Amino acid sequence: MLPQPMQDSKQEMGTATTAELPYHLAPESHLGQKHLPTFNLSQKTILDLLNTRCSNSYEHLKQVHALVVKTGHLQDHFVAGTLVKCYANPQFGSLDCSIKVVQQVPNPNVFVWNSMIKGCLDNEEHRKALSFYYRMVVLSCRTNNYTYPPLFKACSMEQAVEEGLQIHAHVVKNSFVEDGHVRCSGIQMYASFGRVEDARKLLDAGGETDVVCCNAMIDGYMKCGDVDAARGFFEEMVNKNIGSWNAMINGFMINGMIDKAKDYFNEMPEKDEISWSVMLDGYNRGGQFKEALEVFTEMQRENVKLRKFILSSALATCANLGALDQGKWIHTYIRRNSIPLDAVLGTSLLDMYAKCGRIDLAWDIFENMKQKKVFSWNAMIGALAMHGRAEDAFDLFFQMQRERFKPNDITFVAILNACAHAGLVDEGMKYLNDMKEVYGVEPTVEHYGCAVDILGRAGLLGEALELINSMPMKPNAAVWGALLGACRIHKNIELAEKVGRILLEMEPENSGRYALLSNIYAKAGRWDDATKIRMLMKERGVRTIPGRSMIDLDGVVHEFRIGEQTHPQSKDVYLMLGQIMRRLQLAGHVPNTSQVLFDIGEEEKQTALRYHTERLAIAFGLLKTAPGSTIHVTNNLRVCEDCHSVVKLISKIYSRQIILRDRVRYHHFSDGHCSCKDFW
DNA sequence: ATAGGGTTAG
């Protein structure tokens with residue numbers, strides 16, 4: 001239903017009272033002073049001032065507003081509407097002032113109302129947008145085609161189906177369906193409701209076909225998951241433009257059809273910045289980071305302009321690959337081209353350095369960033385947590401508050417992770433409690449998952465279970481997974497069996513759960529049970545995630561996959577690894593094969609080549625880098641105990657610093673020790 | 001006259 005008439009306008013308009021308003025908005029300066037002005041200013045001058053000076057400066061805006069009131073121009077609807085628009089600039093956070101202006105304008109016309117509605121939308125006040133429309137209608141102000149796109153958008157955002165249908169009815173009644181913009185936003189709205197058929201009807205109501213509306217229709221089909229309809233529609237389109245192709249490619253990507261996206265990308269007659277960006281982000285989202293990096297490299301060959309969003313995506317790619325050299329190249333590019341390091345780009349950069357193991361450089365970036373946002377602090381705190389530097393993470397957490405940034409839910413995930421990786425039980429429990437009591441941030445299931453992790457790792461399995469049973473929401477698979485991991489560390493078979501059963505029920509398609517449970521049985525010598533789990537997995541047709549390790553040398557990412565010898569120098573690598581293992585044996589290292597033997601899905605592979613890939617990457621690093629230099633390796637799974645002890649020994653015997661990133665944290669190996677203190 | 005650089009990305 002459309003909003004009801006407003007009983008109490010103050011309540012509907014927000015909570016601003018007269019006392020809080022800027023001086024010039026106080027009722028004394030109300031218009032109706034027709035004997036003014038004391039001096040004259042043309043409408044054009046005022047509009048010029050509003051449109052230029054006032055777009056960046058709230059101070060100027062207040063001054064011009066005062067001038068408008070003094071000179072009586074507030075009765076000029078054009079001036080009033082523009083004033084409304086200026087106050088609605090989301091940078092200023094002064095939508096209340098826009099509202100106040102509208103209240104002071106006698107008989108606002110369509111332009112004033114439209115500006116007000118659009119302003120609400122820009123400030124994400126969707127309900128207010130709808131209520132102003134309602135008010136406009138009851139005051140019998142005529143609407144026009146500019147009125148409706150923001151309203152459709154508001155209904156999408158609020159998923160307000162009833163209101164959307166009514167607004168659509170008004171549009172039809174007033175014959176605004178002929179306006180492409182109106183139709184386009186309506187199509188988007190219906191698609192957001194999941195009602196593609198209604199979207200299609202609206203499109204067809206438009207008469208002659210408008211490319212932009214058709215592109216919105218493709219997007220609508222894709223967002224509703226109807227790939228075939230999108231494809232059929234696209235094929236029948238006579239006037240395709242780049243946007244049509246881009247909508248298809250993006251649609252394939254969001255529906256997980258990466259190969260199809262690639263086909264269309266290769267086939268399209270002309271590409272623009274968006275085409276490249278869609279491919280890069282699609283690969284990133286699909287976890288195909290090597291392919292993403294290839295796209296980025298090709299963009300450079302094709303001389304596509306590298307804007308900040310592309311660079312930010314490419315930095316995320318590098319972060320995921322551990323591709324430090326590529327990341328550094330981007331950093332240099334940013335500096336050479338004087339691209340401003342805003343909060344988004346700066347945070348991407350620091351995240352890249354942190355995830356490539358260079359927490360020192362990440363720190364440099366963070367300290368020198370001119371513009372920081374909450375997510376910048378979160379990224380830095382999270383980075384310190386991953387590197388096991390809990391104390392530094394806490395320091396930063398307090399510093400952010402001194403600088404008036406309010407910690408949010410993500411901040412607390414980072415803080416709890418810091419506690420988990422450093423084994424700080426009391427601190428962790430205190431933060432879990434304080435986040436609600438002191439900071440007013442409601443803990444989510446993710447926070448409880450971290451807390452279970454903290455307790456479980458410390459061996460407090462009973463407490464962890466108690467927390468799961470007493471948490472205010474239903475535990476998800478991640479929560480049980482944390483407990484199962486703890487069962488492995490502390491060898492609690494009975495609990496592991498119970499938790500494992502719950503998990504295999506909740507996530508029958510997650511291979512990691514089977515692997516973990518099977519390994520727990522194997523380690524306890526219960527081979528039959530371990531085998532049973534593996535059989536169960538096979539029966540259910542669950543596919544494993546193959547282990548992969550990557551090492552970045554001179555800007556080239558080398559990848560090693562489990563059981564494969566696809567790397568061109570793989571022969572040398574295996575020879576080198578054989579040498580290494582012999583040297584370790586001489587140094588007294590006895591391999592522990594329990595986990596290696598029972599890595600699920602690998603037993604079909606050639607048995608002689610079953611080294612975990614982190615060892616292959618490290619062997620390659622030893623082969624290819626100068627003595628004494630640091631080796632950075634990235635792995636997509638968690639490092640096993642045996643590899644962990646092997647890498648410790650390698651760091652000692654070969655006198656190398658090795659920084660190994662696994663799926664959730666970093667291990668800095670040096671002189672036979674690891675920064676995680678064998679706690680991970 | 002005035003207001004949407006409509007669609008596809010971040």
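Hydrogens, waters and symmetry mates play no part in the numbers below; they use all other heavy atoms, side chains included. Values in this document were obtained by computation on a predicted structure and should not be read as measured data. Proteins get letters first, then strands, A, B, ... in listed order; numbering begins at 1 in each.
Comment: A/Asp259 does not engage A/Lys262 in a salt bridge, judged by the lack of any side-chain N to carboxylate O separation of less than 4.0 angstrom. The pair A/Asp48-A/Lys44 meets the salt-bridge criterion, since a charged nitrogen lies less than 4.0 angstrom from a carboxylate oxygen.
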I'd like to compare against my own output: the B/S/- annotation of nucleotides 3-10 of chain B with a strict under-4.0 Å heavy-atom distance to protein. BB-BBBBB
Would you check, one step at a time, whether the test side-chain hydrogen bond (donor to acceptor under 3.5 Å, both in side chains) holds for A/Asp272 with A/Ser275? CA-CA 5 Å; A/Asp272 65 5; A/Ser275 327; 2.9 Å; yes
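Ring pair A/Tyr264/A/Phe234 is tilted by interplanar angle, where 30° to 60° counts as tilted.
Judged by a 6.0 Å distance limit and a 45° cone about the ring axis, A/Lys372 is not positioned over the six-membered ring of A/Phe405.
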